[in-house]
A.B. asks: 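Below you will find the structure I want to go over with you.
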There are 2 protein chains.
Amino acid sequence: MSGKKIKTMEELSQLSGISRPTLSKYFQDPKSVRESTKERVETALEEYDYRPNIFAVNQNRKLTRTIGILVPYLADPFFAEIVRMIERQCIDAGYWPIVFSAHGEKEMENNALSTLESLRPAGALVAPLGRGSDIDVVQRFADAVPTVVFDSNVPVGQAFVGSDNFQSIPLIVDYLCRTGEPPCFFEMPPVNPNANKRREAYCLAMERLGHDPMVIQVAGSDWGFERIGLEEGVRLIDSRGLPSNTVLCSNDRLAIGLLAAAYEKGLRVGHGPGCAMRIAGHDDHPWAQFTCPPLTTVSQDYKAIARRSLSVLFDIIKGENVPDEREETLFEGKLVLRASA
Amino acid sequence: MSGKKIKTMEELSQLSGISRPTLSKYFQDPKSVRESTKERVETALEEYDYRPNIFAVNQNRKLTRTIGILVPYLADPFFAEIVRMIERQCIDAGYWPIVFSAHGEKEMENNALSTLESLRPAGALVAPLGRGSDIDVVQRFADAVPTVVFDSNVPVGQAFVGSDNFQSIPLIVDYLCRTGEPPCFFEMPPVNPNANKRREAYCLAMERLGHDPMVIQVAGSDWGFERIGLEEGVRLIDSRGLPSNTVLCSNDRLAIGLLAAAYEKGLRVGHGPGCAMRIAGHDDHPWAQFTCPPLTTVSQDYKAIARRSLSVLFDIIKGENVPDEREETLFEGKLVLRASA
DNA sequence: CAACAAATTTTTCGCGCGTAAAATTTAGAG
DNA sequence: CTCTAAATTTTACGCGCGAAAAATTTGTTG
């Protein structure tokens, strides 16, 4: 193998004796050419270092094999983890994933959407900011690109995949009520629909059990949940503002902050004897198992969400099993019992 | 504004009465055309919805305005955070950042490098896997693309930007020795050069203070540091294998795991009375301030690293201030004193 | 060996834009 | 109003490849 760098398909064609259009077919789908030809191409490829020019390919193809992925905040472990899974599955499926993050800001989300659209992707997986999104912009994007929305269910795109808050929240509310004082609900900033749904689900679950809902709203509208949990937590503990010694946080990051607040205030957290309060979260973030104490929470099925989002998207791209209406897939959460509640 | 979608520059040229080459100039640099023309273009742009075709642009430009960013593990908060800053600064500088993650795997790193190279980026910021990298592959990449290496100093590329482990580690070793029992060193899996440098720096610092270094090596070679910290920590505590009640972890994620281990074993962590052990980390990860107890650590200057990496890269791209030899910039760490040590 | 379909090659065109050179217009100074 | 340099337009070409149609070769079947 000379490893000689080849720049164009034309060159490779001359050097290998295979016609350029045939090479073109090969690179679009190796199985589309005769087996013997496939081998000849691959022999040539071992000899020479060549990759089709991405730009030329994408300019001419009617449909690219790019999959756009947009998340609201990539530094959030939930999204980091789910993007990791999506990327891997994209590659395995022969697509080219390209990741954007809105960094929590509307303007950047719009930018990313605009850039993404100009990439003419085969499809897109979008977790919108939610309340912070320009719905019209997301809508226009989804009109132009086959789009599956995940995590944050804004009514856009051909399908939605996410968690069933109305199943998962009651699950943990039931557990907490059964094992101790009914929980109050420590709400995350309402950055997206999940925030509101979780609150509603909490209230419903509490009422169904005959308890009065106790919702604690927090100031702030950004994605620094831990900080909010810590600062608000300290304030609440100092002012004795917690209506219950059991706190259900609307996500794990908030719970991590509250855990830190309790620690700072010398409150022992857990369900054992000598514990002053119980704290539970939601999502089973990658780090929830490493908090002190380890966090009791409800898991979201990351892998299932990633897998399902992509398979629905691929179906839409291929025109298979395309439902008439917007399809919503909700995965159930599972109770993850640890020491914190 | 009609918002009519325009597909080609040709169309826009006809509709606006401005010649296509002039439009082309405008899109490459708005300031390169006469002020009055600039305004005419911008008026037309308000009227019509048009963006130059990315693929056509990049195919023809000698140099793209793409900046490739490759990190070993995007789900690591350190990288998530630094990527966030780099992305933002790229955009502000008029470049187009595109992020890749190796997900901790050599094969994916090579893939990303290959894809990135075929994107013909103006330059790249690469944090290699380190020990897990195919140095030859990274080398070949750096030969083809102006490359600044950060975080993990493999001897490749035109420049390196990172932290000065030989300054930061002694800083915290001194502190720990001054305020209590000299620390043992809980080593991260040697995934990259930082791992070894930190161990060396620790040993040197201890010897300088007249103490015997105590290094604890751990099994494992993956990026799940918290898990390793937890599992190894539990094992060490159970077997009384910790040679000191003060443990310096080679990074915060490991420390977070060890903190969880101590909690599980009922060991109180901190420097106050009644504390059984002290734990310190390195990096000042975004979540280090929310652990229980909050983690004493040495900060890496994320923003400075991001800023410097980019400015060096831009200089190289523009051909300004290009040093003759590979240039290394090391930032100093700062002691971040919290409750854990 | 004839016959036929599949695979391949040949030929030709087009994608949307960058770029260079030559021709023309514009703006500002005198 | 004239002159000159800068800006702009015109013209022409090329980038590397996808795609379609027609011509040719290949492999398989009877």
Side-chain angles (χ1 to χ4, degrees), chain A residues 5-45 48-66 94 96 115 117-122 144, chain B residues 4-45 48-66 94 96 115 117-122:
Chain A
K5 284 216 178 185
I6 299 286
K7 291 186 61 179
T8 76
M9 221 179 250
E10 191 64 46
E11 276 185 77
L12 185 64
S13 167
Q14 288 169 2
L15 289 168
S16 68
I18 301 166
S19 76
R20 194 182 63 71
T22 302
L23 289 175
S24 175
K25 278 197 76 180
Y26 171 84
F27 284 110
Q28 288 174 61
D29 179 8
K31 290 188 295 292
S32 69
V33 301
R34 198 189 299 157
E35 181 60 29
S36 62
T37 312
K38 178 161 171 278
E39 281 163 18
R40 284 171 61 208
V41 177
E42 278 158 7
T43 307
L45 247 32
Y48 305 105
D49 182 11
Y50 168 75
R51 279 188 61 151
N53 180 307
I54 291 189
F55 303 115
V57 169
N58 284 301
Q59 177 174 23
N60 294 305
R61 257 215 257 279
K62 299 196 169 157
L63 207 59
T64 69
R65 294 189 70 85
T66 305
W96 185 53
T115 302
E117 183 176 345
S118 70
L119 249 26
R120 301 203 340 269
Chain B
K4 186 186 168 197
K5 283 213 178 185
I6 300 285
K7 289 187 61 180
T8 75
M9 220 179 249
E10 190 63 47
E11 278 185 76
L12 185 64
S13 167
Q14 288 170 3
L15 289 168
S16 67
I18 301 166
S19 76
R20 195 181 62 70
T22 303
L23 289 175
S24 174
K25 278 197 75 177
Y26 170 85
F27 284 110
Q28 288 175 62
D29 180 9
K31 289 188 296 295
S32 69
V33 302
R34 198 189 298 156
E35 181 60 28
S36 63
T37 312
K38 178 161 169 277
E39 281 163 18
R40 284 170 63 208
V41 176
E42 278 158 7
T43 308
L45 248 30
Y48 305 104
D49 182 11
Y50 169 75
R51 279 189 61 153
N53 180 307
I54 291 188
F55 303 114
V57 169
N58 284 300
Q59 175 173 24
N60 294 305
R61 254 216 259 280
K62 299 194 170 160
L63 207 59
T64 69
R65 295 189 69 85
T66 305
W96 186 53
T115 302
E117 183 177 345
S118 70
L119 249 26
R120 299 202 341 266

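Throughout, a chain's letter reflects where its sequence line sits, starting with A, and its residues are numbered from 1. This one's a predicted model, so the numbers in the text were calculated from it and none came from an experiment.
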A.B. asks: Can you tell me the distance, in whole Å, between the CD1 atom of I54(B) and the C1' atom of dG16(C)?
C.D. replies: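 Result: 13 Å.
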A.B. asks: For I54(A) and T115(B), which heavy atoms make the closest approach, and how far apart are they?
C.D. replies: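 Scanning both residues, the minimum pair turns out to be CD1-O, 4.2 Å.
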A.B. asks: Please give, in whole Å, the distance from dT9(D) C1' to Y26(B) OH?
C.D. replies: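 Taking atom C1' of dT9(D) as the reference, OH of Y26(B) is at 19 Å.
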A.B. asks: Indicate every side-chain donor-acceptor pair of residues 24-34 of chain A with a distance under 3.5 Å to a residue at least two apart or in another chain.
C.D. replies:
from   : atom 1 : to     : atom 2 : distance (Å)
S24(A) : OG     : Q28(A) : NE2    : 3.1
K25(A) : NZ     : S32(A) : O      : 3.4
Y26(A) : OH     : E42(A) : OE2    : 2.8
Q28(A) : NE2    : S24(A) : O      : 3.4
D29(A) : OD1    : K31(A) : N      : 3.1
S32(A) : OG     : K25(A) : O      : 3.3
S32(A) : OG     : D29(A) : O      : 2.7

A.B. asks: Name all residues meeting the side chain to side chain donor-acceptor pair (under 3.5 Å) criterion together with S13(B); count only those two or more places apart in sequence or in a different chain, and write none if there are none.
C.D. replies: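 Testing S13(B) for side chain to side chain donor-acceptor pair (under 3.5 Å), a comparison that skips the adjacent residues, returns none.
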A.B. asks: Please report the distance, rounded to the nearest Å, between CZ in F27(A) and C1' in dA19(D).
C.D. replies: 17 Å
A.B. asks: Between dC17(D) atom P and K7(A) atom NZ, what is the distance in whole Å?
C.D. replies: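 So the NZ-P distance, K7(A) to dC17(D), works out to 10 Å.
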A.B. asks: If we fit an axis to the first five pairs and another to the last five of the helix from dC1(C)-dG30(D) to dG30(C)-dC1(D), what angle do they make, to the nearest 10°?
C.D. replies: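 The helix from dC1(C)-dG30(D) to dG30(C)-dC1(D) shows an end-to-end axis angle of 10°.
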A.B. asks: Looking at K31(B), I'd like to know whether one of its side-chain N or O atoms comes within less than 4.0 Å of OP1 or OP2 on dA7(D).
C.D. replies: no
A.B. asks: Specify the separation, in whole Å, of atom CG of N58(B) and atom P of dG18(C).
C.D. replies: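 N58(B) atom CG is separated from dG18(C) atom P by 9 Å.
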A.B. asks: My understanding is that only residues two or more places apart in sequence, or in another chain, count here; which of them pass side chain to side chain donor-acceptor pair (under 3.5 Å) with K38(B)?
C.D. replies: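 Listed in chain order: nothing, the list is empty.
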A.B. asks: To the nearest Å, how far apart are E10(B) CD and dT10(D) C1'?
C.D. replies: 12 Å
A.B. asks: Is the phosphate of dT19(C) approached by Q28(B) (side-chain N or O, under 4.0 Å from OP1 or OP2)?
C.D. replies: yes
A.B. asks: Residues two or more places apart in sequence or in another chain: which of them pass side-chain contact (heavy atoms from CB on, under 4.5 Å) with T8(B)?
C.D. replies: E10(B), E11(B)
A.B. asks: Check whether any side-chain N or O of Y50(B) sits under 4.0 Å from OP1 or OP2 of dC17(C), and answer yes or no.
C.D. replies: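 For Y50(B), the contact criterion (side-chain N or O under 4.0 Å from OP1 or OP2 of dC17(C)) is met.
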A.B. asks: Who passes side-chain contact (heavy atoms from CB on, under 4.5 Å) against N60(A), sequence neighbours left out?
C.D. replies: none
A.B. asks: Suppose we screen for side chain to side chain donor-acceptor pair (under 3.5 Å). Which residues come up paired with R61(A), at least two apart in sequence or across chains?
C.D. replies: none
A.B. asks: Assign a letter to each nucleotide of nucleotides 5-15 of chain C from its 5' end: B, base within under 4.0 Å of a protein heavy atom; S, sugar-phosphate only; -, no contact.
C.D. replies: --SSBBB--BB
A.B. asks: If I take atom CZ from residue R51(A) and atom NZ from residue K5(A), how far apart are they, to the nearest 0.5 angstrom?
C.D. replies: 10.5 Å
A.B. asks: Between P on dT10(D) and CD on Q14(B), what's the gap in Å once rounded to a whole number?
C.D. replies: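 For the pair Q14(B) CD and dT10(D) P, the rounded distance is 11 Å.
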A.B. asks: Counting just side-chain N and O atoms, does S24(A) come under 4.0 Å of either OP1 or OP2 of dG18(D)?
C.D. replies: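 Yes.
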A.B. asks: Tell me every residue that passes side chain to side chain donor-acceptor pair (under 3.5 Å) with S19(A), counting only those two or more places apart in sequence or in another chain.
C.D. replies: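 Only T22(A) meet the side chain to side chain donor-acceptor pair (under 3.5 Å) criterion with S19(A).
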A.B. asks: Quick one: R61(B) CZ to dA20(C) C1', roughly how many Å, whole number?
C.D. replies: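 In whole Å, dA20(C) C1' and R61(B) CZ are 17 Å from each other.
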